[in-house]
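The residues of the chain are indexed from 1 along the displayed sequence. Order of listing sets the numbers, starting from 1, for every ligand and every atom in it. Given the structure is predicted, the values throughout are model-derived calculations rather than measurements.
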Amino acid sequence: MRESKVNIVGAGLAGALLATLLARRGFTVNVFEKRSDPRLSAPESGRSINLALASRGIRALERAGLMEQVYPILNAVRGRMVHELGRPPAFLPYGQRAHEVIYSAGRAALNRLLIEAAASHDNVHLRFGQACVGVDAANDRLCFSDVESDQEYDFALAPTIAADGGGSAVRGALAKQGLIAEREELLDHDYKELTLPPVEGGYALDPKALHIWPRGGFMFIALPNPDLSFTATLFLAREGLHSFAALKSPQDVQSFFEQNFPDVVPLIPRLVEEFNSHPQARLGTVHAAPWHISGQVLLLGDAAHAMVPFHGQGMNAAFEDCAFIDELLDRHDDWAKLFADFEEQRRPHAAAIAQMALENYIEMRDTVRDPAFARQKALALELERMFPNRFIPRYSMVMFHPEISYGEALRRGELQGEILQTLDLRRMTDGQLDSALASKLVRERLPGFATAKDPSFRTTD
Ligand SMILES: Cc1cc2nc3c(=O)[nH]c(=O)nc-3n(C[C@H](O)[C@H](O)[C@H](O)COP(=O)(O)OP(=O)(O)OC[C@H]3O[C@@H](n4cnc5c(N)ncnc54)[C@H](O)[C@@H]3O)c2cc1C
């Protein structure tokens, strides 16, 4: 019989959602979180304040019955507003159907809401200020330290789900014992967050867009918050000509922004002050294997597969992990089998989104400026209208189609990329789209999706 008690390490985004999903199934859930209770304290500033929530995350939140509570803290974002130097901003919609939007969510507000939802279940025991400091798999113990008193104690390990983020202590402890291999592939670019406060009681920029200032080797982005501010992020190399290391003095910072983002400077009144006081944080991809130790421990979310943030999918993938555990509970009565099945089925998709997230960095900071990119984006939307049951742009598959797995989105995306290149080249020569060739390539190479056709498109499919 399956153990009716479950430990979760980490009450971040995934841990808190998973606690609710497990509680709804009647499990007794012990959640250990090293931070203090966020319901009682102000959020930390200067660290990843807002996140893009898309359909995979929404589907998981719906599964937990939480979307109604979450909607009021979201801002709908319809596309990218690209700010090139010396040109007017250009808007590139994310999709072409009314519902194809992503949502900007405040991390602190969302985390608090998920913790409140978990706490509303009598069978969830939330323990804040408790840091996991070790795992003794051989003796089935999970070790903690009380952050205030420094007192150490341990707890029965099996079954434990580690949702303790990219720097997972659980993963680290298992790696030390040789039970897991882990590797973090660091990007040579770091990030720093800055604030664009409201201007005359309104947003400083259009709040229906994610704003991007692509500059080739680096970029600046801004996402709206419900309080009329924007959280902006500078992604820049650690070392080199254009780098954080090169921005030594307040004057360096001011000139760098005036030279590269002149339209942004008047919108950040505390530019130098925030730049100097906000942390410069690292970005990377976590590779870990295996993700589980028999039925004792499973890594989930960033603890298993942290990725760079350029597809806005880390949290969405972590929420999808939680929903998948919930789904597997219908199929398995044994944690060892469930953990093994989770890892086997989920690993290829985690690898696929980690790869797409890295590719998206190049797209956001560089390719988005290439005229061929804009042409092929427009062509992809055209093909989607012509063949809605076969051709869906890769970005849309990832963001708006949770029924298409990450692995499938990556695979079809590659085929679609080849079709787009062929048709774009032909159109550059002939001056028009070769519809017969488009139909041949799409029908031959892209099998139809099982989903119903969208009646909002005129279709030749
Ligand atoms: C700059 C940036 C922008 C991002 N933007 C997006 C986005 O737009 N969309 C998106 O989907 N994703 C985004 N992400 C990724 C997203 O933040 C993560 O994928 C997501 O937070 C993963 O959730 P998690 O619950 O696995 O980990 P976390 O949210 O990191 O939660 C881990 C929890 O474990 C706790 N913990 C850590 N160590 C211990 C310990 N030893 N003992 C007990 N508790 C512990 C932590 O305090 C924390 O509460 C972004 C990330 C970054 C860095």
Show me which atoms of ligand 1 lie under 4.0 Å from any heavy atom of [X].
X      : answer
Val9   : 42 (N), 43 (C)
Arg107 : 16 (C), 17 (O), 21 (O), 29 (O)
Phe32  : 43 (C), 44 (N)
Arg35  : 47 (O), 49 (O)
Gln130 : 42 (N), 43 (C)
Gly301 : 26 (O)
Ala131 : 42 (N)

Output field: ring centroids Phe310/Phe235 closer than 6.0 Å
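Phe310 vs Phe235: aromatic centres under 6.0 Å.
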
Validation row, ring centre Phe218 to ring centre His242 under 6.0 Å:
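Centroid separation for Phe218 and His242: below 6.0 Å.
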
Would you find a donor on one side and an acceptor on the other, under 3.5 Å apart, between the side chain of [X] and the backbone of [Y]?
X      : Y      : result
Glu258 : Val265 : no
Arg215 : Asn260 : yes
Lys192 : His278 : yes

Tell me whether [X] has any N or O atom under 3.5 angstrom from an N or O of ligand 1.
X      : answer
Asp302 : yes
Asn50  : no
Cys132 : yes
Leu283 : no

May I ask which of [options] has a heavy atom nearer to [atom] than the others do?
atom                    : options                        : result
atom 8 (O) of ligand 1  : Gly15, Ala52, Ala14            : Ala52
atom 47 (O) of ligand 1 : Glu33, Lys34, His305           : Glu33
atom 32 (C) of ligand 1 : Ala169, Gly10, Ala163          : Ala163
atom 12 (N) of ligand 1 : Arg127, Met307, Glu193, Met315 : Met315

Is ligand 1 less than 4.0 angstrom away from at least one heavy atom of Thr233?
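The answer is no, since Thr233 has no heavy atom less than 4.0 Å from ligand 1.
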
Does at least one non-hydrogen atom of His311 fall below 4.0 angstrom from an atom of ligand 1?
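Contact absent.
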
Which heavy atom of Val31 sits nearest to which heavy atom of Gly10, and what is that distance?
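So the two residues come closest at CG1-O, 4.1 Å.
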
Scan side-chain atoms only and decide if Asn123 and Arg24 contain a donor-acceptor pair under the 3.5 Å cut-off.
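No pair is found: no donor N or O on one side chain lies under 3.5 Å from an acceptor on the other.
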
Mind telling me whether Trp291 and His305 have parallel, tilted or perpendicular rings, with 30° and 60° as the class edges?
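Because their plane-to-plane angle lies in the 30° to 60° range, the rings of His305 and Trp291 count as tilted.
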
Under 4.5 Å between any side-chain heavy atoms of Leu53 and Leu74, yes or no?
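SC-SC contact between Leu53 and Leu74 confirmed.
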
Quick one, Asn7 and Pro159 - any side-chain contact, counting heavy atoms below 4.5 Å?
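Counting from C-beta outward, Asn7 and Pro159 never come under 4.5 Å.
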
Please round to the nearest 0.5 Å and tell me the distance separating atom CG of Leu85 and atom CG of Asp263.
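Reported value, rounded in 0.5 Å steps: 8.0 Å.
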
